[in-house]
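Notes follow the structure.
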Amino acid sequence: MSDLKNNLESILRETLQQFRSETGTVHVLDAEKQLLHLEAQIGLPPQMLEIVKTIPVGKGIAGQVAAQNKPVSICNLQTDSSGVAKPDAKQTGVGGALCVPIRTGDKLTGTLGIGTARPYEYTADETRELEKIGRRIGGILKG
């Protein structure tokens, strides 16, 4: 396992503890191909890994974050009807979800997503805190 993946998983573990959440993902943007590639994850069911391995910009929660370059939050993925989440997302068992851009400087370089089994609306403060962690990850991705 690469040092980058170890670092990212370590940050994800700390983040999930801090936010009392069970799942976390880091996707890295391939700007040329407009695809997000899963770089690290914690807590996703095995059947979801293939689905979230590569996400087109604009599709699903992480894809929306990349397309809009702003956070996306869903209170309950199991009952969400906004159309943002892909139908397969229900397989995660996640209720509340929050995904934020990862930036290196001002440039979008990926997405950081967390989720919890319970229906939960992440607060504006929690969103700002997760964005700070996203900037920290952006610094690591640059390296």
Side-chain angles (χ1 to χ4, degrees), residues 1-31 33-104 107-143:
M1 190 183 298
S2 74
D3 285 347
L4 174 63
K5 190 168 182 174
N6 278 336
N7 282 346
L8 293 176
E9 285 183 358
S10 173
I11 292 169
L12 271 178
R13 265 190 291 281
E14 289 168 25
T15 303
L16 294 179
Q17 216 168 7
Q18 179 181 340
F19 286 86
R20 296 185 318 283
S21 297
E22 295 80 38
T23 63
T25 59
V26 173
H27 282 86
V28 175
L29 176 66
D30 177 338
K33 293 185 176 152
Q34 289 293 288
L35 292 173
L36 291 161
H37 297 284
L38 186 66
E39 193 65 46
Q41 68 84 25
I42 289 179
L44 287 181
Q47 72 271 22
M48 286 301 298
L49 292 179
E50 197 55 40
I51 296 166
V52 301
K53 192 169 74 176
T54 306
I55 299 174
V57 169
K59 301 283 186 211
I61 298 169
Q64 283 294 312
V65 169
Q68 299 170 18
N69 198 5
K70 66 179 193 184
V72 171
S73 177
I74 292 178
C75 177
N76 190 348
L77 205 52
Q78 300 304 310
T79 59
D80 180 66
S81 58
S82 69
V84 171
K86 288 177 160 178
D88 290 338
K90 289 189 167 126
Q91 291 180 34
T92 60
V94 165
L98 174 61
C99 189
V100 300
I102 293 174
R103 296 186 186 97
T104 304
K107 187 175 161 223
L108 177 79
T109 50
T111 63
L112 167 61
I114 60 173
T116 179
R118 63 196 188 282
Y120 182 73
E121 189 149 353
Y122 290 93
T123 66
D125 283 346
E126 287 172 315
T127 302
R128 279 191 292 276
E129 190 58 35
L130 195 63
E131 286 182 291
K132 274 189 210 163
I133 295 166
R135 282 192 291 280
R136 182 174 152 208
I137 292 172
I140 292 169
L141 293 178
K142 181 179 70 177

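Bear in mind the structure is a predicted one, so any value in this text is a computation, not a measurement. Just the heavy atoms: all of them, side chains too, but no hydrogens, waters or symmetry mates, feed the values below.
- In this structure, the separation between CD on E126 and CD on Q18 is 9.0 Å, given to the nearest 0.5 Å.
- No donor-acceptor distance shorter than 3.5 angstrom exists from the side chain of H27 to the backbone of G113, with no hydrogens or angles considered.
- Contact of the C99 side chain with the P71 side chain is not registered, since no non-hydrogen atoms from C-beta on lie closer than 4.5 Å.
- Between the Q34 side chain and the A31 main chain, a donor and an acceptor come within less than 3.5 Å of each other.
- The CG atom of L49 sits 11.0 Å away from the OG1 atom of T25 when rounded to the nearest 0.5 Å.
- Here the shortest heavy-atom pairing between S2 and K5 reads OG-N, 3.0 Å.
- Here R128 pairs with D125 under the side chain to side chain donor-acceptor pair (under 3.5 Å) rule; sequence neighbours left out.
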* Checking side-chain contact (heavy atoms from CB on, under 4.5 Å) for the pair Q41/K53: CA distance, chi angles, key distance, verdict? -> CA-CA 10 Å; Q41 68 84 25; K53 192 169 74 176; over 6 Å; no

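- When side chains are defined from C-beta on, V28 does not count as touching I102, because their heavy atoms never get closer than 4.5 Å.
- Side chains of S21 and Y122: a donor on one and an acceptor on the other come within 3.5 Å.
- Taking all atoms of both residues into account, the shortest heavy-atom contact from I55 to G63 is CG2-N, 4.0 Å.
- Closest of all the heavy-atom pairs between R13 and I42 is CG-CD1, 3.3 Å.
- Contact record, L108 with P101: CD1-CB, 3.5 Å, taken as the closest heavy-atom pair.
- The CG atom of L8 sits 9.5 Å away from the CG atom of L112 when rounded to the nearest 0.5 Å.
- Side-chain contact check for R118 versus E22: some heavy-atom pair is nearer than 4.5 Å.
- Between M48 and I51, the closest side-chain pair of non-hydrogen atoms falls below 4.5 Å.
- Atom OG1 in T54 sits 10.0 Å away from atom NZ in K33 (nearest 0.5 Å).
- The two atoms that bring T15 and I133 nearest to each other are OG1-CG2, 3.6 Å, heavy atoms only.
- Side-chain contact between R136 and I11: present, with at least one pair of heavy atoms (C-beta onward) separated by less than 4.5 Å.
- Note that CG of L98 and CD of E129 are 11.5 Å apart. Values are rounded to the nearest 0.5 Å.
- Looking at every heavy atom in both residues, L36 comes nearest to A66 through CD1-CB, 3.9 Å.
- Here L38 contributes atom CG and E50 contributes atom CD; the two are 10.5 Å apart, rounded to the nearest 0.5 Å.
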